[in-house]
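Reading through the C-alpha cells given below for one structure.
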Amino acid sequence: MPPHSSRRFVSEYNKGMDPRIPLPPQYDPSGVEAALYQRWQERGTFAPRGDGEPYVIVMPPPNLTAILHVGHGLNNVIQDVLIRFERMRGRAVEWLPGTDHAGIATQNVVERLLAAEGKTRFDVGREAFVERVWQFVRETGATILEQLRVIGCSSDWSRTRFTLDPAYSRAVREVFVTLWEEGLIYRGHRVIHWCPHCLTALSDEEAEASETTGSLYYIRYPLADGSGAVTVATTRPETMLGDTAVVVHPDDPRGSPYLGKRVRLPLVNVEIPVLADASVDPKFGTGFVKVTPAHDASDFEIGTRHHLPAPLIMRADGTMGQEPGVEKREAGRVPPEIQGLDRFEARKKIVQLLEAQGLLVKVETHQHAVRRCYRCDTVVEPRLSDQWFVKIQPLAEPALAAYQRGEYRIVPERWKATYENWMASLRDWNISRQLWWGHRIPVFTCSRCDHRWADRADPPGCPKCGGPVTQDPDVLDTWFSSWLWPFATFGWPQLSDDLQRFYPGHTLVTAPEILFLWVSRMVMSGYHFLGEKPFTTVYLTGTVRDTQHRKMSKSLGNGIDPLDVVRLYGADALRWTLIAGSSLGADVILDPNDLETTFAPGRNFANKLWNIGRFILAQLPANVTPIERIDRSRLTLADRWILTRANHAIWTATRYLEQFRLDEAAKRCFAFAWNELADWYVEVVKPRLGAQGGASTEAAHAVLVYCFDTALRLLHPVVPFITEELWQKLPGRGADELLAGSEWPTRRQELEDYDADPQFERVKTAIERIRSIRAEYRIAPKTRLRAAIVARGGDRSESFASERETILRLAQLEELSLDGAPVGAGAHAVFGDGSEVVVALAGAVDVQQECRRLTSELQRLDQQLAGLAVKLTNENFVSRAPADVVAREREKERMWREQRSVLTGKLTALGCG
RNA sequence: GGGCGAAUAGCUCAGCGGUUCAGAGCGCCUGCCUUACACGCAGGAAGUCGGGGGUUCGAAUCCCUCUUCGCCCACCA
C-alpha cells in the first residue's frame, strides 16, 4: 500500500475546520478512559444499588502472580458485559472481585527469587519464608486487578477478597473441621502424584497427562532356582529396584509354569514371588508385570491385595535412594552406583547395567501418557505417602443429582456428558500439600497421648491429657480454599447480610480448563455447606488461540498483551474484538502478529460512534423535545423507519443477551448504529436539520436523539468508554448522570411502524439501484441525472413521493419523475414488488449492455420462480409445511411474477433478442 | 483406547430444515476531499457451504461414513 499522504492531508485539513463542531474528528481513547473509569468509581456505580433483585457473579480469582493475559481479558469482559447489562436493567448487581493465594504457583515464584540469591526456602526457614511471600504478595500482589480496571471491568471493588484473608481463612478452617467431624476427611496411605520439583503431593486434577513418546523396556528376571527367567515390560525401568513381585493374569497359560516360583530381582539381588492377579492385561507386553507398590498406583493396589512390602527407592526430590530414617529392611535396595542419581539418569544407568548382564531383552518405542505437574511441568512421580483425603462421593452425588434435576446448567450444553461422567467417577481428593504457603492444616497431635483431632482454634494443649501438641506441617490444596469462593467471600460461616443477599449467585464465567479443578468443587461445597447451588449458570468460555490454533502462552511467545492493545487502540477496541469475535463457548482466534487487523474494527467502530455523535451534537439546540411529545403525524417515513429499527435492535439485543449470545447482540447494535442510523437515517435527515427550525426540524432532532441515545445504551455493556463519553454530551444530561448507572432501553411499541419498514426499504433499494447504474455506466459522481420510478405493489408511489427529496439527493438526481412519465432512453432496474427505476442516459445508453443485464436478471428470476413452482404445486409441501411458510412462498411468487412481467416488457421495448 | 468439537469467500467467523440464507468484518478491485467520520463514503469481484452416501416435498442446516485439525477423559505396566 502506498503511503496515504493525501489521506493524512485530508485529515489534517479537516481538523477543526468546521466551527460548529468543536470535537476533533478522531476519537482518542487514551485521553478519556482513565477519567471515565475514575468517575464511575467515585460515583459508586459498581456497588449493588437498591433493593432490587440481586444479580451476582463471583469473579474467578486470578493468581496474585499473574499478569493480565488475553484469556483473562476475554473472561472478564464477558462478565462485565453481563454485569453492565443487568445493572442497567435495574438488578442490584454484585460482581465480586478478588485474588487467589495459589499455593504452589506463588511459592514457586518466591522460591525462584530466593534461588537468585543462592538460597532455598529451607535456608531461610518456614516462618521467614512465609513472611517473605507475604511481602512479595503485598508488593506485586494485585496488579492484575488494576489491569482489569484498565479494560473497564465494573467490579464491586469494595468487596475485593483474597483467599488468605483472615475471614476467609476462618471459613476454610470451618469447612475442614466440619468435614472432619462428618468423617469425610481421612488419612490415606497410598500412592499419590508427587512433584519432585515442587516437593509436594498433587491431586489427580493437578497432574496433567501429556502424550509422550517413550520407550518400553523388556527386562529378564531370572528364576531364583536357575531354571529360566520371566520377561517383564516397563516404561520406567528404574522402579525395578522397588519391585516386590511379578504378576501374571491367572488365566494366562504362559504364567502357569512360573506361578509360585520366585525370581531374583536383578541388581538388587532379592527374591520376589511370581503371583497371579486379574488386573493384568495379557495382551500387553509379555503378560508379566513387575510390581512396584511404592511407585505406582495400580501396583500399590496389587501389593495390597497380596500383602507385599512397598519399599521406597526414590527420595522426594527424585534422586535414587532412601530418605533418612527409613526402615533398615528397605535399605540396600539401591545399589551404590545408582545411589543419589536423578531418576532419569538412574534409568539410563540401570538400562546399561541390565544390558551388560544380558538381561535387557529389547527396547521398543512407546506412546503413552506421562503426567506432569500443572505448575512446573515436571514429570510427576507416583509415590507412596501419607496424605489427607476428602471422601468425594458424599459431596459429588448431591451435586450431580441437582444438575440432573436442572437446578443449575452449563452452557454450552455440550459439556453435559463430560461433566456428568466426571462427577460420577471421581476418586477421593488429596488435599494436603507439602508446602509452606497456604492454609495450614488444622490437625493437631498430642505428643504425649497421640490423640489427633481437627480444631477450629489453635489449642493450648491436648484436650484429653493436657500434653503438648503439634500441628500438621502441611498446608491445604489451594483449591480447598477456592472451592468456597461463592460464599466464603460473603462472610460464611456467619449468616451475614451479604450472604443472605448474594447467595446463591447467578452466572459463573470461566475457562473450561478449570471445570473440574474448580467449578465442580464449588458446586459440591455449595450443596454440602449451604444446601444450595452456588450459581444457576456456568458459562464456559472458549480458549484464546493464535492463527495456527495454538493456545496463547508465554513459552510459545504467541501471546497478546491486552494492555498493549489498550494503549494502541483503546479498551473498547479490545473488548469489541473479544465480544463480537466469539460466539458462545467457541474459541477465539486472534493474530498476535497483526494487531492492527485484529483490533482495528473495534477502534473504527468507536470512531464511527464518535463521529455520529460529533455530527448530531453540532446540530442540536440546547433543548430537544422528547420523542414522546412529538406528534406522530409529524414523523416522516424515514423517521418511522428508524424508530422501528431502533426498537427492533432493542428487542433482539435484549433477547440475545439473555441467551448469552453476546456476539449477536453486539453485532445487531453495531448494525443499528452504523448501517441503519449513520448510513441511512443521518444522511436522510440532513436537510431537515437546517437553521429554519420548523416542526420538521424539531421532529428530526427528537428522533436523532432518541436513536442515538438508544444506540449508546445498547452498546454500553460492550464498549463502555466511548458510549459513556458521548452520552454525557447529549442535551439535557445532568453533570452527575452516568450512562453506566442509567437504564437499559425497553421496547416501545408505540414508536414502531412495521408498514414503514418495507416502504422505506423500497426507497433505499431505489436509491441503491440508481447508484449502481451510475457506477456501471461510469458516470461522474457530480453529474446530476434524471430518473423515473414506476411504483407497483400496495402503496403505489406514496412512499417514493414522501421521500422524493431523499432520493433526489442521495442518488444525485436533478429530476425524479414519479408519475410514470417516460424519461427517454435509459437504464432500467426492476426490484421488489415489480417497481422499476429508469435512469435517463441521453444517448449514452448501451442497449446491448441493458439487454444483458435485464436478461440475466430475468434468468435469475425464472430460476427462482421455477423452484417456487415446484414447491407450490407439490401437495406434500402445501399440506406439510407450516402455513406461514406456504403463505410467504405464495406472496413471493406473486411479487416475482410482477417483477417478471415488468422485466419482459422492458426487454421487448428495448428490442432485445 | 474412549468421548466431544470444528471443517462455509484469501483470513477470522455467523447462519444449523423452507431461494432474497449463501452472509458479516478484515483483505481485494473501481470511483470519491459528498453539509460527522479516509479509523470514512459509494459501487463491485469473490464460496460446487471438507469428500462420499442417505433421510426429506425441501439440507450449508438432520443421519451415516471417510479425511484433516483441535480439545477433554483414561492405572494397560
Side-chain angles (χ1 to χ4, degrees), chain A residues 4 6-11 13-14 18 20-21 23 25-27 191 209 216 232-236 239 279-281 283-285 288-292 296-299 301 368-369 382 412 414-415 417-418 421-422 425 512-513 515-516 543 545 547 549-550 569 580-583 585-591 594 597-598 600-601 603-619 663-664 667 670-671 678-679 682-683 686-687 689-690 768 771-772 774-776 778 780-782 812 863-864 867-868 870-871 874-882 885-886 888-889 892 896:
Chain A
H4 301 286
S6 62
R7 277 191 192 182
R8 212 168 297 130
F9 171 76
V10 172
S11 211
Y13 175 82
N14 280 352
D18 190 336
R20 293 173 308 158
I21 303 173
L23 301 173
Q26 283 207 358
Y27 170 58
V191 171
L216 187 62
V232 296
T234 180
T235 54
R236 291 154 63 218
T239 63
S279 69
V280 178
D281 175 3
K283 291 191 286 294
F284 188 87
F288 291 91
V289 180
K290 61 188 272 311
V291 179
T292 322
D296 185 279
S298 58
D299 287 6
E301 285 169 25
H368 63 132
R414 70 180 126 89
W415 287 95
T418 309
N421 280 341
W422 191 83
S425 57
E513 290 101 273
L515 175 62
F516 303 136
T543 308
R545 301 174 183 282
T547 47
H549 295 203
R550 299 177 306 179
Y569 308 111
S582 70
S583 61
D587 287 348
V588 184
I589 312 297
L590 303 176
D591 188 352
D594 190 356
T597 298
T598 309
R603 176 201 57 184
N604 296 354
F605 181 42
N607 196 238
K608 186 71 184 181
L609 288 173
W610 178 252
N611 277 291
I612 298 170
R614 215 168 133 247
F615 175 76
I616 293 179
L617 292 170
Q619 311 297 329
D663 57 326
E664 293 295 338
K667 285 171 190 165
F670 172 96
D679 287 351
V682 168
E683 293 304 327
K686 275 177 179 171
L689 301 174
E768 283 164 350
R771 283 171 174 169
S772 190
R774 177 190 286 280
E776 193 181 333
R778 305 203 169 278
K782 286 200 170 127
Q812 299 274 77
Q863 266 178 7
Q864 295 183 339
L868 260 188
V870 169
K871 211 180 243 193
N874 185 325
E875 189 48 40
N876 271 322
F877 172 72
V878 179
S879 57
R880 287 202 220 169
V885 171
V886 177
R888 211 156 62 226
E889 300 300 294
K892 238 184 274 178
W896 290 347

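For clarity, every value in this text was computed on a predicted model and none was experimentally measured. Here is how names work: the chains are called A, B, and so on, in the same order as the sequence lines, proteins then strands, and each is numbered from 1.
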Original post:
Which nucleotide, B:A74, B:C39, B:G31, lies nearest any side-chain atom of A:P781?
Top reply: B:G31

**OP:** Measure from the side-chain heavy atoms of A:R614 and tell me the nearest of B:C13, B:A77, B:C37.
**Re:** B:C37

Subject >> A:P781 to A:Q812 - nearest heavy-atom pair and separation >> reply: O-NE2, 2.8 Å

Subject >> Value in whole Å for how far the P atom of B:U34 lies from CZ of A:R774 >> reply: 14 Å

Original post:
Looking at B:G25, B:C72, B:G43, which one has an atom nearest to any side-chain atom of A:P601?
Top reply: B:G25

**OP:** May I ask you to establish whether A:K686 and A:F615 are in a cation-pi arrangement, using a distance under 6.0 Å from NZ or CZ to the six-membered ring centre and at most 45° from the ring axis?
**Re:** yes

Original post:
Quick one: on RNA chain B, does A:H368 or A:S772 contact a more 5' nucleotide (nearest heavy atom)?
Top reply: A:S772

**OP:** Could you tell me which nucleotide pairs with B:U19 by Watson-Crick or G-U wobble geometry, both distances under 3.5 Å, or answer none if nothing does?
**Re:** none

Original post:
A:V280 has a side chain; which of B:A77, B:A36, B:C26 sits nearest to it?
Top reply: B:A77

Original post:
Using purine N1 to pyrimidine N3 plus N6-O4 or O6-N4 for Watson-Crick, or N1-O2 and O6-N3 for G-U wobble, each under 3.5 Å, what pairs with B:G5?
Top reply: B:C69

Original post:
With both distances kept under 3.5 Å, what pairs with B:G27, Watson-Crick or G-U wobble?
Top reply: none

**OP:** Hunt down the Watson-Crick or G-U wobble partner of B:U56, both distances under 3.5 Å, from any strand shown, or write none.
**Re:** none

Subject >> Distance, P atom - from B:G43 to B:C4, rounded to whole angstrom >> reply: 47 Å

Subject >> Closest listed nucleotide, where the reference is the side chain of A:K667 and the choices are B:A36, B:G43, B:A14 >> reply: B:A14

**OP:** Give a yes/no on whether any side-chain N or O of A:N611 is located under 4.0 angstrom from OP1 or OP2 of B:C39.
**Re:** no

**OP:** Pick the C1' atom in B:C75 and in B:C69, then give their distance to the nearest Å.
**Re:** 29 Å

Subject >> Whole-angstrom distance between B:G25 and B:U68, as gauged at atom P >> reply: 35 Å

Subject >> Pairwise C1' distance for B:A24 and B:A46, with rounding to whole Å >> reply: 14 Å

**OP:** Identify which nucleotide among B:C13, B:C37, B:C26 has an atom closest to any side-chain atom of A:T597, counting heavy atoms from C-beta outward.
**Re:** B:C26

Original post:
Base, sugar-phosphate, or nothing for A:A369, non-hydrogen atoms under 4.0 angstrom?
Top reply: base

Original post:
Which nucleotide, in any strand shown, forms a Watson-Crick or G-U wobble pair with B:C33, with both distances under 3.5 Å?
Top reply: none

Subject >> Distance, P atom - from B:G31 to B:C71, rounded to whole angstrom >> reply: 46 Å

**OP:** Please work out whether the ring planes of A:W610 and A:Y27 are parallel, tilted or perpendicular, with thresholds of 30° and 60°.
**Re:** tilted

Subject >> P spacing across the pair B:G70 / B:C76, given as an integer number of angstrom >> reply: 22 Å

Original post:
When you measure from the side chain of A:E664, which nucleotide among B:A77, B:C26, B:A14 comes out closest?
Top reply: B:A14

Original post:
Mapping A:E301 and A:A586 onto RNA chain B by nearest heavy atom, which one lands closer to the 5' end?
Top reply: A:A586

**OP:** Respond yes when some side-chain nitrogen or oxygen of A:K686 is under 4.0 Å from OP1 or OP2 of B:A36, and no when none is.
**Re:** no

Original post:
When you compare B:G23 with B:A14, how far apart are their C1' atoms, in angstrom units rounded to a whole number?
Top reply: 7 Å

Original post:
NA contact type, A:R545, heavy-atom cut-off 4.0 Å: base, sugar-phosphate, or nothing?
Top reply: sugar-phosphate

**OP:** Check every atom of B:C39, B:A36, B:U12 against the side chain of A:I589 and return the nucleotide holding the closest atom.
**Re:** B:U12

Subject >> Interatomic distance at C1', B:A45 relative to B:A9, whole Å >> reply: 10 Å

Subject >> Out of B:G43, B:C75, B:C32, whichever nucleotide has its closest atom nearest the side chain of A:S298 >> reply: B:C75

Subject >> Nucleotide of B:A36, B:A42, B:C76 approaching A:R771 most closely (side-chain heavy atoms) >> reply: B:A42

